[in-house]
Amino acid sequence: MLGQETRTPIFQENNSSQEKVTLVRSGEDYFLRAKSIILNAKTEIHLQMYIFENDATGVEIINALKEAAIRNVKIYMLLDGYGSYSFPNLILKELTQLGINIRFFSPLLSRNNFNIGRRLHHKIIMADTTVVLIGGINISNNYRGTSAENPWLDYAIQIESNETAMQINQLCQNIYFKHKRTQKIKLPPAAYSDKETTVSILLNDWLKRNNEIAMAYVKSIQKAQKEIVIVGCYFLPGRRFTKVLKNAANKGVKTKLILSGISDVPLMKRATCHLYSSLLQNNIELYEWNKSVLHGKVALVDNKWATIGSFNLNHLSSYGSIETNVAIESTAFAKTLSSDLNNVISQCERITYEAIKQKSNLFTITANWFSYHFVRTTLIILTYIPYNRFMDKYREEN
């Protein structure tokens, strides 16, 4: 089954602290790692998740959390109020009675507001300030797959590093306990660095003046000299990013986009298709993944710089949601990621300008155009509402 990868360390520093950075695909391996982290935790667990389903996969993670709680491990769970809206009250009560600290970020219905737009988009599991599992994978059967269905294609990073875990711990605490909610979260520039590998935690929370992920994408693409590979679900970038990407491709940088052939949001898929002709005309190669839903958020530049996390290349991630990515500068890690992405591309359908012309008709052109403008307008509205509320609160507190 796709996604069942072996646990191979991508990087291991040769000292007693044994820092490791491991590429993880969606599938059984990810959830085995998640359970292992929870079951081996000794003192503290932070779990921050956009979607936490009460399906077979979710139940296994819940049971692991219960076991950890019985061992007196302190557990802090933060679930998004929209993404995890269906999380059962009965399970919530059971976890709370075991001493697990759990709350929902920005519930849709609160005492004073109907909250939309601003979401906690994290997918983070951290234990004992030593090991972190972070990326774009939610807790759901969709990302695990079955004997009959491939898992949604997505990625995460497992990091065993005190420096990185301390940064993630600080981030999780700041958000869970609402520390300095109206101020920018500041983290050191690099969570871990040596001669061969640099690991950095990048944040995007535009309302708090954090736009590190968006800027890292732009700067890395501007510096690209040989190749750019991007895995993008819900791909609807803004004008600045699109211009930078086209400029790179037109300067001779080989630029490949791996996009959704099958999407859980068909309207977004149509909106992305509206961009195809323009992207192809600017020397950008397009590939569609059709073996399952594509949910990945990955970039690799010049086989040296990579980023993996929760950040989508669209308006909502850039200006509405709270996002966290890992950036890794390492030729060893890049080699492994490049091999995986090339394997994905080999299983994709390549989209050409001639094929689009053959498939296009008045209906598809109109539907794609309408979807693009409708989705763009909707995302702008969804981010404008929380921005106004945030600014009102900021003025009150200052």
Side-chain angles (χ1 to χ4, degrees), residues 41 43-52 65 69 73-85 87 89 91-93 95-129 132-134 138-139 164-188 191 201-213 309-311 316-325 382-398:
T43 58
E44 184 178 73
I45 295 169
H46 276 279
L47 185 151
Q48 297 196 353
M49 198 66 53
Y50 179 63
I51 295 174
F52 198 127
L65 290 166
V73 176
K74 280 190 170 294
I75 301 174
Y76 300 92
M77 291 179 62
L78 183 60
L79 307 180
D80 184 71
Y82 174 75
S84 298
Y85 181 76
F87 195 82
N89 287 330
I91 303 258
L92 182 63
K93 185 177 180 180
L95 296 177
T96 303
Q97 288 175 343
L98 285 170
I100 294 176
N101 303 281
I102 181 169
R103 74 177 186 86
F104 289 85
F105 180 88
S106 189
L108 282 180
L109 296 174
S110 65
R111 184 176 302 176
N112 300 315
N113 291 313
F114 175 66
N115 296 311
I116 57 175
R118 183 165 167 75
R119 305 268 44 104
L120 178 80
H121 206 226
H122 284 175
K123 291 88 177 175
I124 297 173
I125 301 173
M126 190 277 296
D128 299 337
T129 322
V132 179
L133 192 59
I134 179 171
N138 291 292
I139 297 176
T164 304
M166 285 176 65
Q167 285 200 17
I168 296 295
N169 183 67
Q170 178 188 339
L171 172 65
C172 289
Q173 286 198 27
N174 285 345
I175 297 175
Y176 185 91
F177 294 108
K178 303 182 182 181
H179 291 166
K180 302 179 180 179
R181 289 293 296 278
T182 59
Q183 298 181 24
K184 179 178 180 178
I185 296 175
K186 296 181 180 180
L187 295 175
I201 304 301
L202 304 178
L203 310 178
N204 229 87
D205 184 359
W206 188 73
L207 295 186
K208 308 293 177 63
R209 304 184 299 285
N210 282 113
N211 63 343
E212 297 165 355
I213 305 174
S310 66
F311 184 85
L316 191 59
S317 278
S318 295
Y319 299 107
S321 301
I322 299 174
E323 312 277 4
T324 300
N325 270 38
L382 286 176
T383 54
Y384 179 75
I385 292 171
Y387 172 77
N388 273 356
R389 287 178 179 167
F390 176 82
M391 291 307 298
D392 289 341
K393 182 178 179 181
Y394 181 81
R395 293 186 191 101
E396 290 174 2
E397 295 179 356
N398 292 276

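In what follows, residues are counted from 1 in the order of the sequence shown.
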From [X] atom [atom1] to [Y] atom [atom2], the distance as rounded to the nearest 0.5 Å:
X	Y	atom1	atom2	value
Gln97	Leu92	CD	CG	10.0 Å
Trp206	Glu323	CH2	CD	15.0 Å
Leu202	Asn325	CG	CG	6.5 Å
Met49	Met77	CE	CE	8.5 Å
Ile45	Asn101	CD1	CG	11.5 Å
Ser317	Ile322	OG	CD1	11.5 Å

I want to check something: taking the side chain as every heavy atom from C-beta on, are [X] and [Y] in contact at a cut-off of under 4.5 Å?
X	Y	value
Asn169	Glu44	yes
Leu203	Ile213	no
Ile175	Gln48	yes
Ile201	Thr324	yes
Ile139	Ile51	no
Thr43	Lys74	no
Phe311	Ser321	no
Ile168	Gln170	no

For [X] and [Y], which heavy atoms make the closest approach, and how far apart are they?
X	Y	value
Asn138	Tyr50	OD1-CB, 3.5 Å
Asn204	Ser318	ND2-O, 3.2 Å
Tyr176	Leu78	CD1-CB, 3.9 Å
Val73	Ala41	CG2-O, 3.5 Å

Is the closest side-chain donor-acceptor distance between His122 and Ser310 under 3.5 Å?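 Judged by distance alone, the side chains do not pair up.
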
Cation-pi check for Phe105 against Arg119: NZ or CZ below 6.0 Å from the six-membered ring centre and within 45 degrees of the axis, yes or no?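 Not flagged: Arg119 not positioned over aromatic ring of Phe105.
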
Result of checking Asp80, Ile91, Leu47 against Phe52 for side chain to side chain contact (heavy atoms under 4.5 Å, CB included): Leu47

Steps toward side chain to side chain contact (heavy atoms under 4.5 Å, CB included) verdict (Leu95, Phe87): CA-CA 12 Å; Leu95 296 177; Phe87 195 82; 4.0 Å; yes

Mind checking whether Tyr76 and Phe177 have ring centres under 6.0 Å apart?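 Ring centroids of Tyr76 and Phe177 are less than 6.0 Å from each other.
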
